[in-house]
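Naming convention: chains lettered A, B, ... in sequence-line order (proteins, then strands); numbering from 1 in each chain. Note that this is a predicted model, so its numbers are computed, not measured.
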Protein chains: 2
Amino acid sequence: MKNAEHQTKSDRTRAAIVAAAQEVFAAKGYEQATVRDIAARAAIDPAMVIRYFGSKDALFARVAVFDLKLPDLKAGDGNRIGETLVRHFLSVWETDANGGFAVLLRSAASNEFAAKKLRDVFAGQVLPALARVGGTARAAERAGLVSSQLLGLALCRYVLKLPPVVAMPRESIIGAVGKTIQRYVTGR
Amino acid sequence: MKNAEHQTKSDRTRAAIVAAAQEVFAAKGYEQATVRDIAARAAIDPAMVIRYFGSKDALFARVAVFDLKLPDLKAGDGNRIGETLVRHFLSVWETDANGGFAVLLRSAASNEFAAKKLRDVFAGQVLPALARVGGTARAAERAGLVSSQLLGLALCRYVLKLPPVVAMPRESIIGAVGKTIQRYVTGR
DNA sequence: GTCTATAATTCGATAGAC
DNA sequence: GTCTATCGAATTATAGAC
């Protein structure tokens with residue numbers, strides 16, 4: 001008897017593999033993460049990982065998805081768009097530290113599939129949201145500058161773990177980087 | 001007869017391996033670059049790479065060095081520190097696209113040795129240079145913010161190849177990002 | 001100095017018993 | 001559904017002939 005409420009053993013195994021894959025891919029990147037690592041983390045046999053997802057590539061594709069869930073920037077205070085964006089960005093990371101974004105950022109520099117996925121997030125989520133505010137003039141350039149600062153921040157704070165960037169209080173970052181994003185979005 | 005002017009055959013082979021290693025490591029990252037790739041690029045036998053450098057790790061360590069060669073920021077116009085820094089940063093990359101910085105940035109997200117090297121560049125080169133200007137108050141935080149923007153820019157323009165960031169003219173980047181760096185360095 | 005041959009691992013993936 | 005056993009390919013690194 002299968003229905004939406006009852007979780008079969010297969011469902012639980014599948015979910016355990018996905019969770020383990022997120023953790024291992026986010027921690028080591030695509031190449032250094034092995035099917036054996038993921039299986040060990042999920043406390044199952046390595047053969048099960050392949051059986052459930054077909055290949056390491058397919059499992060990575062399943063886990064390398066990311067929804068920024070950007071709020072409507074036109075709804076709030078136009079002078080606080082930068083602050084809102086940085087705050088939202090930090091929240092997304094910190095509430096889901098092993099989620100799709102961590103997986104993508106960890107692998108994107110040396111894995112073309114992950115790099116393309118990140119470019120898709122830019123084109124499909126960041127660019128449209130920013131084009132709605134600050135006018136459409138040079139929207140792509142403005143979105144590119146915003147992305148360079150936000151990706152650089154995530155890289156330094158969560159991946160490279162640059163000590164002063166790790167130590168900075170959340171509100172200090174929102175203040176300092178928020179002003180930068182605000183200028184990029186509105187052109188001052 | 002060996003002296004500083006005469007380049008032996010060994011020297012030429014060694015130099016060819018280093019050049020090939022820089023290209024391959026910068027293009028594919030540490031894990032995906034193989035000794036066979038590097039040997040093929042240098043048009044020699046894979047065994048020679050190990051013979052000359054001992055191991056893949058040792059060769060990577062030889063190539064993963066980076067000198068930012070930062071100018072004295074106190075000498076120039078205090079209102080153009082940001083512009084100067086961005087211009088210098090872009091020049092360093094573009095005149096040495098396969099140099100140590102490209103090698104480091106490509107591998108740092110998934111290789112702890114490369115990540116530590118990047119942190120060392122920050123602590124040994126960026127932080128001291130910025131501590132000399134804008135006062136010593138919170139110099140580490142200011143240097144961290146500067147690094148987040150510059151690393152993010154390099155990541156988007158040269159590694160991820162985010163289209164609008166790749167397409168932006170050099171001078172536009174220097175103008176827009178320079179203002180950001182200037183604010184981070186001087187605190188407005 | 002250079003290359004052939006290969007050792008020793010490690011990986012993703014498969015076959016088949018239970 | 002799950003696991004044991006293993007295959008075949010790829011890797012770094014070494015030994016030794018030339």
Novice: Relative to the 5' end of DNA chain D, which residue comes earlier, R36(A) or I44(A), by the nucleotide with the nearest heavy atom?
Specialist: I44(A)

Novice: Please state how far atom CZ in R14(A) lies from atom C1' in dT2(D), giving the value in whole angstrom units.
Specialist: 15 Å

Novice: Should side-chain heavy atoms under 4.5 Å link Ile, Leu, Val, Met, Phe, Trp and Tyr, which residues sit in the same cluster as V65(A)?
Specialist: none

Novice: Under the 3.5 angstrom rule, does the side chain of H88(B) hit a backbone N or O of K69(B) as a donor-acceptor pair?
Specialist: yes

Novice: Going by heavy atoms closer than 4.0 Å, what residues in residues 21-35 of chain A are next to DNA chain C?
Specialist: A33(A), T34(A), V35(A)

Novice: Quick one: do the E94(A) and Y158(A) side chains pair a donor with an acceptor below 3.5 Å?
Specialist: yes

Novice: Please report the distance, rounded to the nearest Å, between CD1 in I17(A) and P in dC3(D).
Specialist: 10 Å

Novice: Apply side chain to side chain contact (heavy atoms under 4.5 Å, CB included) to residues R41(A) and E23(A) and explain how you reach the verdict.
Specialist: CA-CA 9 Å; R41(A) 173 81 58 140; E23(A) 292 175 27; 2.6 Å; yes

Novice: side-chain contact (heavy atoms from CB on, under 4.5 Å) with S147(B): which of V165(A), L162(A), L153(A)?
Specialist: L162(A)

Novice: Does anything in residues 47-60 of chain B come within less than 4.0 Å of DNA chain C? Heavy atoms only, and list the residues if so.
Specialist: A47(B), M48(B), R51(B), Y52(B)

Novice: Could you check whether R87(B) pairs with E171(B) (Lys NZ or Arg NE/NH1/NH2 to Asp/Glu carboxylate O, under 4.0 Å)?
Specialist: yes

Novice: Under 3.5 Å, is there a donor on one side chain and an acceptor on the other for R170(B) and S91(B)?
Specialist: yes

Novice: With no hydrogens and no angle check, just 3.5 Å: does a side-chain donor-acceptor pair link Q149(A) and T180(B)?
Specialist: no

